[in-house]
Every structure is written in structure tokens, then in C-alpha cells.
Amino acid sequence: HLPVIARFTLVPVSAEGGPAGAAALAVAPNPVRSEATARFTLAAPAEVRVDVLDALGRRVVRQSRTLGAGEHALPLDTSALSPGVYVVRLEADGAVSTRTFVRVR
């Protein structure tokens with residue numbers, strides 16, 4: 001199977017009513033065996049939080065850091081996760097984007 005890469009752009013609205021920036025999120029490979037990569041683009045420097053949530057909405061992985069504008073790739077160690085469906089949630093500069101992935105044996 002070929003990995004599925006989904007990309008989209010969120011454009012949050014700032015307090016002034018204009019675009020506050022953009023974030024695009026992709027998770028590959030999907031399905032994943034032990035490690036996935038969350039790839040995203042930031043329009044401006046931002047505090048970034050990436051969470052992995054299980055099917056019940058419990059956070060099982062969290063990464064936080066300040067990153068500059070541009071493309072980024074964060075490895076997500078999924079080796080300790082049980083097989084199932086998970087959600088990657090990216091929050092940056094007030095924008096939130098999510099992607100699902102499947103963890104297989």
C-alpha cells in the first residue's frame with residue numbers, strides 16, 4: 001500500500017479580522033508500524049503543540065516547542081501504542097488542525 005498523505009491549510013482569523021497565519025499538516029506513513037512523521041508548514045514563528053489522541057480522546061503523546069516559519073517534520077514514536085485509530089492534533093498560533101492515522105502491528 002502507498003502511504004496516504006493529506007494536506008490542507010487552516011487560516012485562523014486574528015482579532016483584527018484578517019488572516020493570522022496558516023498551518024498545513026500531513027502524517028505519513030499511514031498506516032504506521034512504529035514511527036510516523038508529522039509534517040507541517042508555519043506561515044510565521046509560533047509556539048507549536050502536537051498531541052496524539054487515542055480513540056477515546058486521551059492524550060498519549062505530546063510535543064511542544066517554539067518553531068520558526070517554514071516547513072517542519074516531527075517524528076512521532078508510536079511503537080508503544082496499541083493497534084488502532086489515533087488523531088494527531090496540531091495547535092499553532094491559534095489554529096488547530098487534525099489528521100487521523102492507523103497504528104498496525
Side-chain angles (χ1 to χ4, degrees):
H1 297 313
L2 295 175
V4 176
I5 298 176
R7 291 189 147 256
F8 65 96
T9 302
L10 284 180
V11 181
V13 176
S14 70
E16 296 77 36
L25 173 64
V27 178
N30 191 8
V32 60
R33 292 195 187 280
S34 61
E35 186 173 289
T37 302
R39 297 182 187 282
F40 54 94
T41 303
L42 298 175
E47 178 67 29
V48 173
R49 186 170 71 206
V50 177
D51 293 324
V52 176
L53 309 172
D54 66 12
L56 297 175
R58 297 176 296 202
R59 184 178 61 236
V60 294
V61 175
R62 170 172 273 178
Q63 294 187 37
S64 295
R65 58 187 71 171
T66 301
L67 298 172
E71 294 185 15
H72 301 280
L74 290 179
L76 301 172
D77 182 8
T78 64
S79 60
L81 302 179
S82 300
V85 177
Y86 293 86
V87 175
V88 176
R89 181 180 188 274
L90 167 69
E91 183 176 347
D93 196 29
V96 176
S97 58
T98 60
R99 280 284 159 239
T100 59
F101 71 90
V102 177
R103 165 73 163 92
V104 295
R105 290 189 192 265

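This one's a predicted model, so the numbers in the text were calculated from it and none came from an experiment.
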S.K.: Would Leu81 and Leu53 show up in the same hydrophobic cluster when neighbours are defined by side-chain heavy atoms closer than 4.5 Å?
M.R.: no
S.K.: State which residues pass side-chain hydrogen bond (donor to acceptor under 3.5 Å, both in side chains) with Gln63; sequence neighbours excluded, sorted by chain then number.
M.R.: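 Applying side-chain hydrogen bond (donor to acceptor under 3.5 Å, both in side chains) to Gln63 gives Arg65.
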S.K.: Excluding sequence neighbours, so at least two apart, what forms side-chain hydrogen bond (donor to acceptor under 3.5 Å, both in side chains) with Arg62?
M.R.: Asp51
S.K.: Distance from Leu67 atom CG to Asp93 atom CG, nearest 0.5 Å?
M.R.: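 Rounded to the nearest 0.5 Å, the CG-CG separation comes to 12.5 Å.
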S.K.: For Val104, what are the other residues in its hydrophobic cluster, where any two members join if their side-chain heavy atoms are less than 4.5 angstrom apart?
M.R.: Val85, Val102
S.K.: Supply the atom-to-atom distance Leu76 CG to Thr37 OG1, rounded to the nearest 0.5 angstrom.
M.R.: 7.0 Å
S.K.: Check whether Thr78 reaches the backbone of Ser34 with its side chain - one donor and one acceptor, N or O, closer than 3.5 Å.
M.R.: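 Checked: pair present.
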S.K.: Please enumerate all residues that pass side-chain hydrogen bond (donor to acceptor under 3.5 Å, both in side chains) together with Arg89, with sequence neighbours excluded.
M.R.: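 side-chain hydrogen bond (donor to acceptor under 3.5 Å, both in side chains) list for Arg89, sorted by chain: Glu91.
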S.K.: Do the side chains of Val50 and Val60 join up, straight or via other hydrophobic residues, at under 4.5 Å, putting them in one cluster?
M.R.: yes
S.K.: Determine the minimum heavy-atom distance between Glu35 and Pro75, stating which atoms define it.
M.R.: OE2-CB, 3.7 Å
S.K.: Would you please name every residue forming a side-chain hydrogen bond (donor to acceptor under 3.5 Å, both in side chains) with Ser79, sequence neighbours left out?
M.R.: Asp77
S.K.: Holding to salt bridge (charged side-chain N to carboxylate O under 4.0 Å, His left out), I want the full list of residues that pass it with Asp54, two or more places apart in sequence or in another chain.
M.R.: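 Once residues adjacent in sequence are excluded, the partners of Asp54 under the salt bridge (charged side-chain N to carboxylate O under 4.0 Å, His left out) criterion are Arg58.
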S.K.: For the pair Arg59 (side chain) and Val52 (backbone), establish whether a donor and an acceptor sit closer than 3.5 Å, ignoring hydrogens and angles.
M.R.: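 Such a contact is absent between Arg59 side chain and Val52 backbone.
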S.K.: Which atoms form the tightest heavy-atom contact between Leu25 and Phe40, and what is the distance?
M.R.: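 Here Leu25 and Phe40 meet closest at CA-CB, 4.2 Å.
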S.K.: Determine the minimum heavy-atom distance between Ala43 and Ala69, stating which atoms define it.
M.R.: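 So the two residues come closest at O-CB, 3.7 Å.
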S.K.: Could you tell me which non-hydrogen atom of Ser82 sits nearest to which non-hydrogen atom of Arg103, and how far apart they are?
M.R.: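 It is O-CG, 3.5 Å.
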S.K.: Heavy atoms only: give me the nearest Ala36-Pro29 pair and the separation to one decimal.
M.R.: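 Closest pair (atom of Ala36, atom of Pro29, distance): CA-CD, 4.1 Å.
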S.K.: For residues Val87 and Val61: do they belong to one hydrophobic cluster (side chain heavy atoms under 4.5 Å, members Ile, Leu, Val, Met, Phe, Trp, Tyr)?
M.R.: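 As far as the 4.5 Å side-chain criterion goes, Val61 and Val87 are not connected within one cluster.
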